[in-house]
2 protein chains.
Amino acid sequence: MLSQRLRNVALQERVVTAEEACSWIHDSMTLGLSGFTSAGDVKVIPKVLVERVKREGKPFKVNVYTGASINSEIDGLLAEANIVNMRLPYQSEKRMRGRINEGNVNYMDQHLSHTAELLRSGAIPPVDIAIVEAISITEEGHIVPSTSVGNSHIFLSQAKEIIVELNVAQPLALEGVHDIYDPGHQGSRQPIPLTQVGQRVGTTAIAVDPAKIRGIVVTDQPDVNSAIVPPDEETEIMAQHLLNFLKDEVAAGRLGPNLAPLQSGVGSVANAVFHGFLSSDFKDLEVYSEVLQDSVFELLDADKIKVASGCSFTLSPKKNEEVMSNLNKYKDKLVLRPQELSNNPGLIRRLGLIAINTALEVDIYGNVNSTHVMGTQMMNGIGGSGDFARNARLTFFCTKSYAKNGKISSIVPMVSHVDHTEHDVDIIVTEQGLADLRGLSPRERAKRIIENCAHPSYRPQLLEYFEEALQRGGHTPHVIEKALSWHGKYVNEGTMLAG
Amino acid sequence: MLSQRLRNVALQERVVTAEEACSWIHDSMTLGLSGFTSAGDVKVIPKVLVERVKREGKPFKVNVYTGASINSEIDGLLAEANIVNMRLPYQSEKRMRGRINEGNVNYMDQHLSHTAELLRSGAIPPVDIAIVEAISITEEGHIVPSTSVGNSHIFLSQAKEIIVELNVAQPLALEGVHDIYDPGHQGSRQPIPLTQVGQRVGTTAIAVDPAKIRGIVVTDQPDVNSAIVPPDEETEIMAQHLLNFLKDEVAAGRLGPNLAPLQSGVGSVANAVFHGFLSSDFKDLEVYSEVLQDSVFELLDADKIKVASGCSFTLSPKKNEEVMSNLNKYKDKLVLRPQELSNNPGLIRRLGLIAINTALEVDIYGNVNSTHVMGTQMMNGIGGSGDFARNARLTFFCTKSYAKNGKISSIVPMVSHVDHTEHDVDIIVTEQGLADLRGLSPRERAKRIIENCAHPSYRPQLLEYFEEALQRGGHTPHVIEKALSWHGKYVNEGTMLAG
């Protein structure tokens with residue numbers, strides 16, 4: 001059986017235990033781990049490493065690079081054991097977040113398309129050991145990733161040594177889904193030839209020098225899939241606003257009936273929107289996104305989507321089982337690419353995507369905070385939202401208009417941290433309504449966002465601020481000493497609500 | 001003589017007076033004017049238009065789109081006459097700035113590579129009349145731009161009607177310098193084939209349907225060139241910091257001896273840096289920038305630069321005369337492209353540029369404000385800085401550490417407006433020193449920026465703020481109610497200096 005998975009005969013000699021592979025990892029090393037939104041992440045070696053370090057009781061810190069978030073069992077264990085020096089480019093784990101916010105882990109919150117370039121240019125410490133999950137190793141010794149590609153190709157090409165977790169619980173039928181393309185070094189690269197969502201421009205396995213593969217650990221643990229938050233009344237209303245807007249764009253002739261390739265962030269709003277497509281008249285849709293979630297497969301089943309490209313699957317346990325045991329049904333409609341391609345600025349612009357992402361808070365001028373609660377506490381990270389927002393044809397940001405039972409307004413005078421500037425944001429959606437900011441100056445935007453998107457209980461306060469700011473003038477009027485007073489009030493009094 | 005400039009015989013019938021051409025412009029129209037950094041702008045029709053509107057005394061407003069800034073005689077007259085409704089994507093004129101800041105002109109401050117896409121997708125009102133300066137019209141009726149390309153190709157392709165200012169004061173020898181390439185519609189475009197700075201991928205004239213050319217006005221006014229601010233002691237020190245850093249990068253093997261294609265914003269720091277190259281050991285340099293300034297030609301003369309690509313020349317009067325009368329000497333080393341190519345995210349990343357731009361203020365975490373004085377008053381606009389900063393291989397932002405005789409610190413706890421987020425900024429340079437932020441978490445960045453870049457008179461204040469923020473914790477520590485207090489203090493007391 002293993003010979004199907006490990007087809008390079010010479011490499012069969014390199015099968016080792018996780019304990020042995022772990023013994024190659026030393027203090028101060030930089031590790032490049034596969035994994036993107038808890039899919040295709042390495043599952044065994046980090047755990048064994050934590051056990052070893054605890055057992056040895058010696059000072060030990062490593063840098064941990066991944067594609068994006070990895071399953072919480074791993075990021076949580078690494079955080080608890082306190083063995084991470086630098087972590088990049090994204091995480092979404094409670095304990096890791098805690099370490100980051102206490103200043104214990106040096107977290108680099110990066111655009112997800114940037115990490116590969118930073119490694120190529122030597123801007124961040126190089127990867128010593130790449131540890132990646134694979135479904136198989138080919139006759140040539142090339143590595144076939146599993147349910148995500150993420151940054152694995154760059155980790156593998158840059159690392160001095162490679163450890164493979166060969167996971168027999170991931171279906172071998174995934175072979176052929178991947179499209180691996182490395183653009184090469186800046187300054188000497190060719191144009192990436194991709195012009196169609198479903199086009200394949202690379203190889204189905206990651207080419208590596210087999211001599212670098214120091215060890216292969218056979219594993220059999222499935223991805224730790226997280227339940228998808230089902231749409232609630234408010235996310236369904238937001239989805240409806242967004243779908244109505246798209247219908248109007250088609251009616252106005254600004255979009256064709258099959259829209260444009262869709263990108264959506266992870267989360268309940270994006271899911272609600274995609275569910276909304278099921279009962280819509282749109283068809284022949286295309287998805288060019290980071291993450292392919294449950295709803296993408298439902299839309300494939302319903303013949304609404306004709307092709308979907310991403311760098312990772314993120315499925316609920318039930319959907320995962322269904323998809324993985326019926327891969328042949330989907331195979332010719334799916335492509336998994338490196339994240340520097342799924343999130344590539346040039347490709348996003350060339351294809352003209354519609355990008356739908358989630359905001360933490362939005363200000364009256366259209367600046368978006370995606371990451372920092374009250375301007376200081378890291379939630380997860382910017383992820384790919386910046387790659388898409390800046391370069392898409394249409395950029396939506398969605399958020400409920402309030403949080404914490406109304407103690408927080410998601411529409412504020414000035415955001416406490418900026419991830420997406422006013423230059424990059426086209427449309428704001430809340431359960432209250434939608435604000436189309438295209439072609440509007442800041443003062444016009446403020447009126448529209450307050451009227452269409454703010455919660456009624458905060459509208460008078462926002463208008464009052466805006467009126468006072470207008471007295472001072474300026475292209476972007478502010479009462480600068482009060483611009484962040486709502487956040488200050490929340491920090492000190494537990495509410496943003498006046499009076 | 002005119003037959004050399006206007007080579008399409010049928011179009012010779014369409015030569016009209018500026019007054020007649022102006023009579024075609026009506027209230028509520030959208031005008032697309034050529035012009036980028038006061039080069040290649042239309043010089044006669046806007047003036048005649050302003051005179052006509054004053055004479056008629058009827059309500060009259062138009063939208064004015066350009067490449068970037070146009071000469072102040074035009075933008076200033078338009079602002080004074082108060083006939084502009086919407087202005088985009090950039091301006092740098094005192095009177096226009098005044099109108100914008102009083103809320104009288106709806107200004108859309110855009111990434112300079114975005115305007116063409118916004119027009120194609122119908123996100124902003126379409127251009128009714130394109131009015132562009134040309135050095136000639138070819139046998140086919142195609143238009144050869146003058147000293148800038150900017151957005152002219154998209155204005156010409158989208159406009160219902162075209163008026164050409166055929167400027168005989170611009171040298172005919174410019175023919176052959178331009179490289180016009182239109183990527184086409186998103187979703188159906190091919191990869192832009194450019195892989196080398198000096199490569200030509202398009203045509204030397206802008207193809208238009210000659211039937212759309214309603215009138216041709218012959219003019220003979222030179223570009224209004226502005227004097228370049230010469231380097232002072234502090235900008236020379238900043239340039240030295242930057243050049244030393246580049247030398248160290250070469251020594252560390254992260255850059256080759258000819259560096260990487262250089263981009264620089266307009267201004268005295270950029271000029272000082274480029275002057276610094278004159279006496280450096282670097283050679284075979286390449287420039288891939290928006291604007292080609294005096295120093296580029298000095299470096300060409302000194303054989304330091306082998307090729308330079310931009311979308312505009314911005315020269316001092318003396319240098320302009322010198323260059324324009326010796327064009328054949330430079331011609332095979334120069335390319336002028338549309339700004340959506342000079343500033344194209346995909347190309348910037350493919351070529352791996354070194355981007356050098358100017359900040360208005362920088363915060364301790366590396367966020368940059370390029371546009372808004374005290375968070376509210378628009379200075380000029382973001383221009384192309386975002387196109388370059390986000391996608392370059394190395395992104396520098398330069399600023400003197402203080403302004404207004406020390407009453408303002410350019411390094412602040414939190415910037416009052418964000419144009420470039422922490423994710424997009426690699427290196428900060430002031431006359432005090434250079435902070436390399438690559439691979440640093442926010443807390444590490446804060447220390448380095450305060451120590452290396454802040455003016456000594458503000459360092460204790462910054463450290464005090466940072467220490468207090470650290471007590472509160474967070475990935476990006478802030479004392480949120482004090483984060484903008486420096487700006488508040490300046491607005492109310494005229495200084496940021498404590499005590």
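Computed over heavy atoms, backbone and side chain alike; hydrogens, waters and symmetry mates excluded. Proteins get letters first, then strands, A, B, ... in listed order; numbering begins at 1 in each.
Taking 4.5 Å as the heavy-atom cut-off, the residues of residues 251-263 of chain B that approach chain A are B/Arg254, ordered by number. Scanning residues 346-354 of chain B against chain A with a 4.5 Å heavy-atom cutoff picks out B/Gly346, B/Arg349, B/Arg350, B/Leu351, B/Gly352, ordered by number.
Distance check: B/Arg443 CZ to B/Ile364 CD1 gives 11.0 Å after rounding to the nearest 0.5 Å. Remark: B/Glu361 CD to B/Asp419 CG distance equals 10.0 Å, nearest 0.5 Å. With rounding to the nearest 0.5 Å, the separation of NE2 in B/His417 from OG in B/Ser370 is 8.5 Å. With values rounded to the nearest 0.5 angstrom, B/Ser416 atom OG is found 4.5 Å from B/Asn369 atom CG. Between atom OH of residue A/Tyr107 and atom OH of residue A/Tyr90 there is a gap of 7.0 Å, rounded to the nearest 0.5 Å. Rounding to the nearest 0.5 angstrom, the gap separating the CZ atom in B/Phe396 from the CG atom in B/Leu246 is 4.5 Å.
Interface remark: of the candidates B/Glu481, B/Gln110, B/His372, B/His372 forms the most heavy-atom pairs closer than 4.5 Å to chain A. Contact count versus chain A (heavy atoms, under 4.5 Å) is highest, among B/Glu422, B/Lys489, B/His185, for B/Glu422. Top candidate by heavy-atom pairs under 4.5 Å with chain B, chosen from A/Ile100, A/Asn391, A/Asn106, is A/Asn106. For chain B, the option among A/Asn367, A/Ile382, A/Thr371, A/Val373 with the highest count of heavy-atom pairs below 4.5 Å is A/Ile382. Highest contact tally toward chain B, considering only A/Lys482, A/Gln196, A/Gln377, is held by A/Gln377 [criterion: heavy-atom pairs under 4.5 Å]. In terms of heavy-atom pairs under 4.5 Å with chain A, the best-connected choice from B/Thr195, B/Val105, B/Ile124, B/Asn344 is B/Thr195. Ranking A/Met374, A/Glu117, A/His487, A/Arg87 against chain B, the residue ahead of the rest is A/Glu117, based on heavy-atom pairs under 4.5 Å. Put simply, of B/Gly375, B/Ala469, B/Ser188, B/Pro183, the one with the most heavy-atom pairs under 4.5 Å next to chain A is B/Gly375. Of the listed residues (B/Val491, B/Asn492, B/Thr421, B/Val479), the one with the most heavy-atom contacts under 4.5 Å to chain A is B/Thr421. Between chain B and the options A/Gly184, A/Ser121, A/Pro477, A/Pro125, the largest number of non-hydrogen pairs under 4.5 Å is found for A/Ser121.
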TODO: With side chain to side chain contact (heavy atoms under 4.5 Å, CB included) as the test, would you mind laying out the steps for B/Val201 and B/Leu341 before giving the verdict?
DONE: CA-CA 10 Å; B/Val201 297; B/Leu341 259 76; 4.2 Å; yes
Open item on the list: side chain to side chain donor-acceptor pair (under 3.5 Å), that's the test. Do B/Asp424 and A/His111 meet it? Break it down for me.
Closed with: CA-CA 9 Å; B/Asp424 298 336; A/His111 298 299; 2.7 Å; yes
- [ ] Kindly determine whether A/Asp182 and A/Arg120 satisfy salt bridge (charged side-chain N to carboxylate O under 4.0 Å, His left out), including the steps that lead there.
- [x] CA-CA 11 Å; A/Asp182 188 313; A/Arg120 284 194 191 93; 2.9 Å; yes
TODO: Would you check, one step at a time, whether the test side chain to side chain contact (heavy atoms under 4.5 Å, CB included) holds for B/Val418 with B/Val368?
DONE: CA-CA 6 Å; B/Val418 178; B/Val368 168; over 6 Å; no
- [ ] Could you walk me through whether B/Thr30 and B/Asn63 pass side chain to side chain donor-acceptor pair (under 3.5 Å), step by step?
- [x] CA-CA 4 Å; B/Thr30 295; B/Asn63 298 329; 3.0 Å; yes
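Neither the backbone nor the side chain of B/Ser485 comes within contact range of chain A; no heavy atom of the residue lies under 4.5 Å from a heavy atom of that chain. Of the two parts of B/Arg390, the backbone and the side chain both hold a non-hydrogen atom closer than 4.5 Å to a non-hydrogen atom of chain A. Only the side chain of B/Met414 comes within less than 4.5 Å of a heavy atom of chain A; its backbone N, CA, C and O stay farther away. There is no contact between B/Leu394 and chain A, counting heavy-atom distances below 4.5 Å. At a 4.5 Å heavy-atom cutoff, the contact between A/Ile192 and chain B is made by backbone atoms alone. In this structure, chain A has heavy atoms under 4.5 Å from both the backbone and the side chain of B/Ser113. For A/Arg472, the parts sitting under 4.5 Å from any heavy atom of chain B are the backbone and the side chain alike.
Using a 4.5 Å heavy-atom cutoff, the side chains of B/Val84 and B/Val64 are in contact.
Applying the ring pair (Phe, Tyr, Trp, His ring centres under 6.0 Å) test between A/Tyr365 and each of A/His475, A/His423, A/His478, A/His420 identifies A/His478 as the sole match.
Of the possible donor and acceptor atoms, none in the side chain of A/Asp284 sits under 3.5 Å from a partner among the backbone N and O of A/Glu286. Distance alone, capped at 3.5 Å, places no donor-acceptor pair between the A/Glu340 side chain and the A/His114 backbone.
Partners of A/Glu444 under the salt bridge (charged side-chain N to carboxylate O under 4.0 Å, His left out) rule, at least two apart in sequence or in another chain, do not exist in this structure. For A/Arg438, the salt bridge (charged side-chain N to carboxylate O under 4.0 Å, His left out) partners at least two apart in sequence or on another chain are A/Glu249, A/Asp436.
For the pair B/Lys447 and B/Glu467, the salt-bridge criterion is not met [side-chain N within less than 4.0 Å of a carboxylate O].
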